[in-house]
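Letters go in sequence order (proteins before strands), and every chain restarts at 1.
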Protein chains: 2
Amino acid sequence: MNKLNLHISVDCVVLAYDYPQLKVLLIEREAVNGIDTKLHKLKLPGHLIYEREDFDVSARRILFEHTGLENIFLRQLGVFSDPDRLNPPIDLEWAKKTIHEDLNRVVTIAYFALIQLKSVNRTPQTIWHPVDDLPELIFDHNLIIRRALRHLRDEMRSKPLCFQLLPKKFTIRQVFEVYKVILGISIDKSNFRRKLKHLTFLVPLNEKEKDVSHKPAQLYRFDKKLYGKYEKGRNEIIF
Amino acid sequence: MNKLNLHISVDCVVLAYDYPQLKVLLIEREAVNGIDTKLHKLKLPGHLIYEREDFDVSARRILFEHTGLENIFLRQLGVFSDPDRLNPPIDLEWAKKTIHEDLNRVVTIAYFALIQLKSVNRTPQTIWHPVDDLPELIFDHNLIIRRALRHLRDEMRSKPLCFQLLPKKFTIRQVFEVYKVILGISIDKSNFRRKLKHLTFLVPLNEKEKDVSHKPAQLYRFDKKLYGKYEKGRNEIIF
DNA sequence: TCAAAAGTGTTCTGCGTACACCCATGG
DNA sequence: CCATGGGTGTACGCAGAACACTTTTGA
């Protein structure tokens with residue numbers, strides 16, 4: 001029998017690009033008898049873990065339940081272990097009633113996932129909320145999201161994460177938009193183009209944009225194998 | 001009362017540069033009645049956590065116990081949650097006898113610390129072992145160290161981690177050596193010099209190397225504040 | 001024929017790379 | 001005066017920044 005471990009949970013920050021915004025997947029907290037259901041707080045998708053489950057597997061299970069997706073881009077973000085993180089008290093009350101168990105301390109392992117919004121099964125409980133101006137979430141979930149965004153911004157600069165947020169076929173402009181909105185910086189469009197065109201792992205397709213009221217753009221795909229080679233060829237030391 | 005949590009431990013990978021090698025801090029596993037003491041296996045410094053302790057605090061406590069150092073450069077590396085990580089069985093036996101408790105599953109939060117070897121209190125139980133050709137350690141500690149090294153190599157390229165491994169006053173050559181040994185690459189010496197000289201956050205001191213049988217080198221220090229400014233001024237997108 | 005975005009060209013500057021060379025010190 | 005490493009100079013090429021310009025489409 002595989003029972004719940006009452007000390008450890010997994011929470012997932014699932015991010016998606018919904019032009020022109022970056023959005024995060026939130027879940028409406030279920031109402032529980034005895035807790036004021038007026039408090040429609042939101043939370044990250046997550047759950048206590050099972051005794052015999054690797055956390056990466058737990059995270060994938062949770063993601064599948066809420067999005068219908070498998071093979072998601074997933075990274076461990078880190079552990080949130082503040083002994084007082086199960087605050088405010090009403091949130092803790094809710095959690096106890098939901099799982100029908102007493103809880104003392106729960107540490108959570110935060111995960112970080114990137115998906116393409118189009119491929120998701122949308123369900124009534126899931127809310128895709130812009131990452132700017134988030135409401136107050138339960139526990140320390142606001143903090144976890146902030147940490148995830150910082151991680152994303154950092155890693156975007158040196159790794160090809162953006163392609164996880166875009167469809168398989170994309171235009172340079174789409175990449176450009178993703179960079180602008182996530183990093184919050186202005187970039188010279190034509191230099192950005194030129195730069196991307198010289199990246200060997202971006203393969204131009206025999207296909208162009210359709211149904212647009214301007215010159216249709218070249219479509220590209222990201223080639224993981226070629227990226228591997230490209231990455232090996234680099235040995236810059238930058239600070 | 002603050003009791004042990006039998007589900008979660010903290011392990012620390014403490015790295016130091018001992019010319020010309022990178023070394024990791026290991027602890028000799030204590031002998032326990034009923035376990036063959038011939039098995040002189042080594043382990044990372046670490047321990048089960050206390051119920052009301054933030055893990056960062058646990059890690060610092062452990063590091064202080066083994067090195068006498070406070071204010072260490074410390075980062076969370078990640079969680080190791082394989083349900084079968086407490087293998088081989090003899091290691092699990094040893095752990096149970098040591099803490100006088102039964103153990104089912106323990107997940108560990110791995111931390112990553114960089115220190116200057118000179119400033120450490122050396123004690124008889126602590127062993128500084130070269131990171132190449134490590135012996136077989138208990139549990140998954142070899143895996144944890146590999147992960148730590150990967151992390152170090154990655155982060156070295158974009159962050160000024162090397163200065164955590166060097167004394168406060170250092171020469172360009174020392175930085176050069178650290179990079180060479182950790183990244184395992186060959187670098188053009190004179191270009192490396194030039195590059196470092198242009199970094200605004202490396203401040204030349206009114207002091208030179210002493211007692212060397214060659215031209216004494218300029219000493220520098222790393223200025224954290226200046227680095228902060230330097231970092232803000234960068235907004236490269238690199239892939 | 002106009003708006004909108006694709007895509008090209010040009011100039012300047014700075015940085016990485018490769019490599020030759022001179023300088024200071026202890027033995 | 002030699003070995004050792006510190007430190008400078010030069011020349012080339014590529015890549016980023018800034019910005020003007022041309023092209024292709026739908027409406």
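B:Leu161 contributes atom CG, which lies 6.5 Å from atom CG of B:Leu152 (distance to the nearest 0.5 angstrom).
In this structure the side chain of B:Leu202 never reaches within 4.5 angstrom of the side chain of B:Ile172, judged on heavy atoms. Between B:Lys224 and B:Pro160 the shortest side-chain heavy-atom distance does not fall below 4.5 Å.
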Distances under 3.5 Å between nitrogen or oxygen atoms of protein and nucleotides 11-16 of chain C:
{"residue": "C:dG16", "atom": "OP1", "partner": "B:Lys195", "partner atom": "NZ", "Å": "2.9"}

Which pairs would a plain distance check flag for residues 56-65 of chain B, meaning a side-chain donor or acceptor within less than 3.5 Å of a matching protein atom at least two apart in sequence or in another chain?
{"residue": "B:Asp56", "atom": "OD1", "partner": "B:Tyr111", "partner atom": "OH", "Å": "2.5"}
{"residue": "B:Ser58", "atom": "OG", "partner": "B:Glu53", "partner atom": "OE1", "Å": "2.9"}
{"residue": "B:Ser58", "atom": "OG", "partner": "B:Asp54", "partner atom": "O", "Å": "3.2"}
{"residue": "B:Arg60", "atom": "NH1", "partner": "B:Ile72", "partner atom": "O", "Å": "3.0"}
{"residue": "B:Arg61", "atom": "NE", "partner": "B:Glu53", "partner atom": "OE2", "Å": "2.9"}
{"residue": "B:Arg61", "atom": "NH1", "partner": "B:Glu65", "partner atom": "OE2", "Å": "3.4"}
{"residue": "B:Arg61", "atom": "NH2", "partner": "B:Glu53", "partner atom": "OE1", "Å": "3.1"}

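Minimum heavy-atom separation, A:Arg153 to A:Leu183: O-CD2, 3.6 Å.
Between the base of C:dG9 and the side chain of A:Arg194 there is a donor-acceptor pair shorter than 3.5 Å.
Looking at residues 171-188 of chain B, you'll see B:Arg173 sit with a heavy atom under 4.0 Å from some atom of DNA chain D. Interface residues of residues 207-217 of chain B facing DNA chain C, ordered by number: B:Val212, B:Ser213, B:His214, B:Lys215, B:Pro216; criterion, heavy-atom separation under 4.0 Å.
Note on A:Lys189: every side-chain N or O is 4.0 Å or more away from OP1 and OP2 of D:dA18.
A search for ring pair (Phe, Tyr, Trp, His ring centres under 6.0 Å) contacts involving B:His151 returns B:Phe112, not counting sequence neighbours. Residues that satisfy the side chain to side chain donor-acceptor pair (under 3.5 Å) test with B:Thr126, not counting sequence neighbours, are B:Thr123.
Residues A:Glu136 and A:Lys41 are paired through a salt bridge, judged by an N-O separation under 4.0 Å between the basic side chain and the carboxylate.
The residue from A:Tyr227, A:Phe222, A:Tyr179, A:Tyr230 that alone fulfils the ring-ring contact (aromatic ring centres under 6.0 Å, His included) condition with B:Phe239 is A:Tyr179.
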